[in-house]
There are 2 protein chains.
Amino acid sequence: MTKTTYTIQEVSQLTGLTAHTLRYYEKISLIRGIERDANGYRLYSESDVAWLEFLIRLRETGMPIQEMIRFSSLRSEGETTVRQRRELLELHERSIRSQLADLYCHLGKIEEKIIHYKQLEEEHG
Amino acid sequence: MTKTTYTIQEVSQLTGLTAHTLRYYEKISLIRGIERDANGYRLYSESDVAWLEFLIRLRETGMPIQEMIRFSSLRSEGETTVRQRRELLELHERSIRSQLADLYCHLGKIEEKIIHYKQLEEEHG
DNA sequence: GTATCGTTTAGAGCGCGCTCTAAGGCAAGC
DNA sequence: GCTTGCCTTAGAGCGCGCTCTAAACGATAC
């Protein structure tokens with residue numbers, strides 16, 4: 001039988017988010033409907049953790065929090081919003097591809113600069 | 001004869017940085033030794049503009065401003081710091097490659113999610 | 001001469017995404 | 001019953017990278 005709930009500290013360790021940030025994400029509706037135990041302590045489910053990991057992915061790929069809140073809001077409306085969520089995600093996919101292209105371009109220029117410095121070092125160093 | 005100096009507005013248009021940001025970059029020593037005309041107005045040279053474009057590249061690849069200031073400081077010390085600048089740049093190159101790898105990984109996961117949504121749409125939509 | 005620009009400076013303010021504080025509650029250990 | 005410790009909340013504070021304001025100055029237009 002696999003464990004089905006996690007305390008805020010456990011989720012913090014699993015996700016790398018601090019307990020402060022986990023409460024903050026709930027306050028701004030990035031994550032919703034977290035259960036509570038008899039003391040009012042948060043109890044996160046497996047699917048809550050999976051959702052947090054997805055949020056982290058969106059953040060690390062540059063999605064602004066407002067857009068993530070929009071996504072979370074669609075998700076809470078249920079199955080009827082699947083298409084809108086897919087479209088939002090496809091838009092974001094294009095943003096990531098564009099970031100990748102920009103980074104490659106920058107990388108090339110920086111490599112050129114490094115080569116330039118190496119030549120300077122050979123000439124004068 | 002090619003134009004050799006630019007006003008702050010011209011540099012703003014060339015680089016996309018606002019005049020405010022250009023003054024700010026000078027205040028924090030990201031760019032140094034900008035000439036002045038008789039009225040005390042800034043006069044940027046071609047090489048100032050090239051340096052700004054390099055700074056923009058560093059920033060767009062995630063280098064923190066403190067590290068950019070360090071780079072600018074080394075540059076102002078002259079030729080003897082070429083090696084240190086190259087090393088700093090090589091460190092940054094590795095950072096960019098790591099960003100690229102992470103982005104690719106995230107992209108893959110997001111594509112999977114999109115496929116998952118498409119399946120949901122076929123089943124229930 | 002005066003109104004309109006664009007410039008200068010020092011320094012305040014802002015938006016983002018957290019990050020932390022204060023004050024209080026419950027539970028277990030001694 | 002008191003200490004320790006982790007939890008709760010509302011709300012203040014922070015670091016980054018700008019972004020803007022206020023006050024003053026000089027050049028040009030009329």
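A note on names: the letters A, B, ... follow the listed sequences, proteins ahead of strands, and every chain is numbered from 1. Values in this document were obtained by computation on a predicted structure and should not be read as measured data.
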Check the phosphate of dG26(D) against R36(B), side-chain N and O only, distance under 4.0 Å to OP1 or OP2. Yes or no?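 False: R36(B) side-chain N/O out of range (4.0 Å or more) of dG26(D) OP1/OP2.
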Could you please name the option among dC7(D), dG17(C), dT9(C) that lies closest to any side-chain atom of Y24(A)?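 Among dC7(D), dG17(C), dT9(C), the one nearest the side chain of Y24(A) is dG17(C).
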Under 4.0 angstrom between Q9(A) side-chain N/O and dC7(D) OP1 or OP2: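 True: Q9(A) side-chain N/O within range (under 4.0 Å) of dC7(D) OP1/OP2.
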Do L58(B) and L89(B) make a side-chain contact, defined as non-hydrogen atoms from C-beta onward lying under 4.5 Å apart?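 Yes, their side chains come closer than 4.5 Å.
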Answer yes or no: side-chain N or O of Y41(A) and base N or O of dG25(C) forming a donor-acceptor pair under 3.5 Å.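 Side chain to base: pair found, below 3.5 Å.
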Please determine if R36(B) and E26(B) form a salt bridge, counting it only when a charged side-chain N lies under 4.0 Å from a carboxylate O.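 Here R36(B) pairs with E26(B) in a salt bridge, since their nearest N and O are under 4.0 Å apart.
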According to a hydrophobic-cluster definition based on side-chain heavy atoms being under 4.5 Å apart (Ile, Leu, Val, Met, Phe, Trp, Tyr only), do L55(A) and L91(A) belong together?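 Result: no, two separate clusters.
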Can you tell me the distance, in whole Å, between the CD1 atom of I28(B) and the C1' atom of dT19(D)?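 Going from CD1 in I28(B) over to C1' in dT19(D) covers 13 Å.
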With respect to the phosphate group of dA27(C), does any side-chain polar atom (N or O) of N39(A) fall under 4.0 Å of OP1 or OP2?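 Yes, within the criterion.
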Could you state the CD1-P distance from I69(B) to dC16(D), rounded to the nearest angstrom?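 Atom CD1 in I69(B) sits about 10 Å away from atom P in dC16(D).
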Measure from CD on E26(A) to C1' on dA10(D) and round the result to the nearest Å.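 In whole Å, dA10(D) C1' and E26(A) CD are 14 Å from each other.
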Expressed as a whole number of angstroms, how long is the span from L17(A):CG to dC20(C):P?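 From L17(A) CG to dC20(C) P: 14 Å.
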Under 4.0 Å, heavy atoms only, any strand: does R59(B) hit a base, just the sugar-phosphate, or nothing?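 Answer is sugar-phosphate: R59(B) comes under 4.0 Å of backbone atoms only.
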Heavy atoms from other residues, nucleotides or ligands near CZ of R70(A) exceed 12 (cutoff 6.0 Å):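 Open.
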What integer distance in Å separates E60(B):CD from dG17(D):P?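 From E60(B) CD to dG17(D) P: 14 Å.
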So what does R42(A) hit on the nucleic acid, given a heavy-atom distance under 4.0 Å: a base, only sugar-phosphate, or nothing?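 Sugar-phosphate contact only.
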M68(B) CE to dC18(D) C1', straight-line distance once rounded to whole Å: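 Going from M68(B) (CE) to dC18(D) (C1'), I get 12 Å.
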Just to confirm, is there a sub-4.0 Å distance from OP1 or OP2 of dG17(D) to any side-chain nitrogen or oxygen of Y25(B)?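 Result: no.
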Candidate nucleotides dT8(C), dT19(C), dC20(D), ranked by approach to the side chain of T21(A) - the nearest: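 From the listed options, dT19(C) comes nearest.
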In whole Å, I'd like the distance from the NZ atom of K27(A) to the P atom of dG17(C).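 Roughly 15 Å, once rounded to whole Å.
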Spacing between D37(A) atom CG and dA28(C) atom P, to the nearest angstrom: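 After rounding, the reported distance stands at 11 Å.
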Should E93(A) and R97(A) count as an ion pair when the cut-off is N to O under 4.0 Å?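 Result for this pair is yes, salt bridge flagged.
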